[in-house]
K.L.:
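This is the structure, below, for whatever I ask next.
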Amino acid sequence: RYDYGIMTWRYLMELPSDIIGYGMFVAFILLLDHYTSARDREVRLAELETEVARVRLQALEAQLQPHFLFNALNTVSSVMYESVEQADRMLARLSDLLRRSLATGSGGEVTLAEELETLETYLDILRARFGDRLTVSVNVEAGMAGAGVPHLVLQPLVENAVKHGDPGPGQPARVDVRATRANGALVLTVEDNGPGLAIDPEVAMAKGIGLANARRRLERLYGREATVQMANRPTGGLSVMIAIPYHDHE
């Protein structure tokens with residue numbers, strides 16, 4: 001048999017190791033509780049940042065749509081007294097475009113195919129105004145129809161190309177739209193055959209509501225992975241290129 005001796009002294013002898021063990025146990029519980037609380041705060045902060053980003057995207061898109069609507073109505077007004085038939089066609093296509101925009105929602109992505117359909121509706125409005133003088137070509141690399149892109153990302157680029165890249169009355173205006181894939185990025189390029197830029201590209205981009213909003217929306221959605229570049233073409237005209245991370249839209 002093992003003799004424990006006098007239990008009172010035995011308790012005192014074991015007390016230091018018991019205190020150490022209890023202290024380690026309490027420290028472990030406190031650290032675990034602190035880690036859990038920190039994780040909960042991080043999750044709540046991430047949810048809050050996501051909500052703020054979503055609201056900001058909606059605000060940017062809400063600003064973009066009235067700007068587009070204003071310009072579109074100006075376009076209708078410019079031809080209303082020249083051709084009632086053209087004005088009527090433009091209003092019908094504008095109605096289709098707004099309906100499509102409302103059905104898509106705010107702040108989110110659509111497939112590249114859907115974005116090109118929206119762009120085609122907008123181009124119908126422009127064609128009614130410019131007639132045969134305006135030529136727009138759209139070239140998309142094979143297999144990219146399902147790629148995710150921000151809603152209404154192409155429309156302000158094409159609008160800017162037509163507005164500032166028009167060579168002038170009586171001269172043919174051309175806009176080329178391309179979608180390619182390079183180094184894991186979706187690259188959207190819009191080029192025109194106009195006079196090009198006479199000022200710094202950064203200054204020009206900041207002045208235009210459509211381009212400035214498009215840039216801010218891309219920053220909100222993709223951060224530093226998105227780039228927007230604007231430069232004069234060697235052969236004349238302006239080129240605007242957007243690059244965003246390539247991914248299939250879910």
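Only a predicted model underlies this, so the values are computations on that prediction, with no experimental measurement involved.
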K.L.:
Please answer: with hydrophobic residues joined when any side-chain heavy atoms are less than 4.5 Å apart, are Val26 and Tyr35 in the same cluster?
P.N.:
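Val26 and Tyr35: separate clusters.
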K.L.:
If every non-hydrogen atom of Glu115 is compared with every non-hydrogen atom of Pro150, which pair is closest and at what distance?
P.N.:
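Scanning both residues, the minimum pair turns out to be OE1-O, 3.8 Å.
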K.L.:
Work out which heavy atom in Val190 is nearest to a heavy atom in Ala161; give both atom names and the distance.
P.N.:
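Distance-wise, the nearest heavy atoms are CG1-CB, 4.0 Å.
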K.L.:
Distance from Asn160 atom CG to Gln155 atom CD, nearest 0.5 Å?
P.N.:
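The distance works out to 10.5 Å.
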K.L.:
With a 4.5 Å heavy-atom cut-off, do Val175 and Val162 have their side chains touching?
P.N.:
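Yes - at least one pair of side-chain heavy atoms lies under 4.5 Å apart.
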K.L.:
Between the side chains of His249 and Glu114, does any donor sit under 3.5 Å from an acceptor?
P.N.:
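Glu114 and His249 do not have a side-chain donor-acceptor pair below 3.5 Å.
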K.L.:
Should the heavy atoms of other residues, nucleotides or ligands under 6.0 Å from CG of Asp18 be counted, would the total exceed 12?
P.N.:
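Enclosed.
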K.L.:
Glu225 and Pro245: which non-hydrogen atoms are nearest, and at how many Å?
P.N.:
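Heavy-atom minimum between the residues: CB-CG, 3.6 Å.
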K.L.:
Would you check if the side chain of Thr36 reaches a backbone N or O of Leu32 as a donor-acceptor pair within less than 3.5 Å?
P.N.:
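Indeed, once roles are kept as given, a pair shorter than 3.5 Å links the two residues.
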K.L.:
Group every Ile, Leu, Val, Met, Phe, Trp and Tyr by side-chain heavy-atom contacts under 4.5 Å, then state whether Val187 and Leu218 land in the same group.
P.N.:
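Different clusters: Val187 never reaches Leu218 through Ile, Leu, Val, Met, Phe, Trp or Tyr contacts under 4.5 Å.
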K.L.:
Evaluate the side-chain contact (heavy atoms from CB on, under 4.5 Å) criterion for residues Tyr122 and Glu159: first the C-alpha distance (whole Å), next the side-chain angles of each, then the deciding distance (0.1 Å), finally the verdict.
P.N.:
CA-CA 9 Å; Tyr122 174 68; Glu159 178 182 358; 3.2 Å; yes
K.L.:
Between atom OG1 of Thr227 and atom OH of Tyr222, what is the distance when rounded to the nearest 0.5 Å?
P.N.:
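Atom-to-atom, Thr227:OG1 and Tyr222:OH are 12.0 Å apart.
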K.L.:
Between Arg127 and Glu120, is there a salt bridge with N-O shorter than 4.0 Å?
P.N.:
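The answer is yes: the pair qualifies as a salt bridge.
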K.L.:
For a 4.5 angstrom cut-off between non-hydrogen side-chain atoms, does Val240 reach Thr189?
P.N.:
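Val240 vs Thr189: side chains apart.
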K.L.:
In terms of hydrophobic clustering (I, L, V, M, F, W, Y; side-chain heavy atoms under 4.5 Å; direct or indirect links), are Ile244 and Met241 co-clustered?
P.N.:
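No, it is not one cluster - the side chains of Ile244 and Met241 are not joined through contacts under 4.5 Å.
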K.L.:
Using only heavy-atom distances, determine whether the side chains of Ser137 and Asp176 contain a donor-acceptor pair under 3.5 Å.
P.N.:
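A pair is found: one side chain offers a donor N or O, the other an acceptor, under 3.5 Å apart.
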K.L.:
Applying side-chain contact (heavy atoms from CB on, under 4.5 Å) between Tyr246 and each of Val149, Asn183, Leu186, report the one that passes.
P.N.:
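Testing each of Val149, Asn183, Leu186 against Tyr246, the sole residue satisfying side-chain contact (heavy atoms from CB on, under 4.5 Å) is Leu186.
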K.L.:
State whether the number of non-hydrogen atoms from other residues, nucleotides or ligands found under 6.0 Å of Asn139 atom CG is greater than 12.
P.N.:
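Yes, CG of Asn139 has more than 12 neighbouring heavy atoms, counting only those of other groups under 6.0 Å.
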K.L.:
Work out which heavy atom in Leu238 is nearest to a heavy atom in Met230; give both atom names and the distance.
P.N.:
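Smallest heavy-atom distance, with atoms named: CD1-CG, 3.6 Å.
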K.L.:
Rounded to the nearest 0.5 Å, how far does CG of Leu15 lie from CE of Met13?
P.N.:
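Between Met13 CE and Leu15 CG, I get 12.0 Å after rounding to 0.5 Å.
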K.L.:
Could you go step by step and tell me if Val138 and Val140 meet the side-chain contact (heavy atoms from CB on, under 4.5 Å) rule?
P.N.:
CA-CA 7 Å; Val138 179; Val140 180; 4.2 Å; yes
K.L.:
Quick one, Asp96 and Leu94 - any side-chain contact, counting heavy atoms below 4.5 Å?
P.N.:
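Not in contact.
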K.L.:
To the nearest 0.5 Å, how far apart are NE2 in His164 and CG in Leu197?
P.N.:
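Interatomic distance, His164 NE2 to Leu197 CG, rounded to 0.5 Å: 9.5 Å.
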K.L.:
Can you tell me if Arg89 uses its side chain to pair, donor with acceptor, with the backbone of Asp124 under 3.5 Å?
P.N.:
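No, because the side chain of Arg89 does not come within donor-acceptor range (under 3.5 Å) of the backbone of Asp124.
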K.L.:
What closest approach, in Å, do Arg93 and Ile125 show between heavy atoms, and which atom pair accounts for it?
P.N.:
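Closest pair (atom of Arg93, atom of Ile125, distance): CB-CG1, 3.7 Å.
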K.L.:
Please find the pair of heavy atoms, one from Leu112 and one from Ala179, that lie closest to each other, and give the distance.
P.N.:
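Shortest heavy-atom separation between Leu112 and Ala179 comes out as CD2-CB, 3.9 Å.
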K.L.:
Return yes if some donor-acceptor pair links the side-chain N/O of Arg233 with the main-chain N/O of Asp192 below 3.5 Å, else return no.
P.N.:
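Indeed, once roles are kept as given, a pair shorter than 3.5 Å links the two residues.
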K.L.:
Check this for me: Glu42, atom CD, are more than 12 non-hydrogen atoms of other residues, nucleotides or ligands nearer than 6.0 Å?
P.N.:
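Atom CD in Glu42 is crowded, with more than 12 foreign heavy atoms closer than 6.0 Å.
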K.L.:
May I have the step-by-step check of salt bridge (charged side-chain N to carboxylate O under 4.0 Å, His left out) for Arg178 and Glu191, ending in yes or no?
P.N.:
CA-CA 9 Å; Arg178 295 193 305 274; Glu191 297 179 338; 3.3 Å; yes
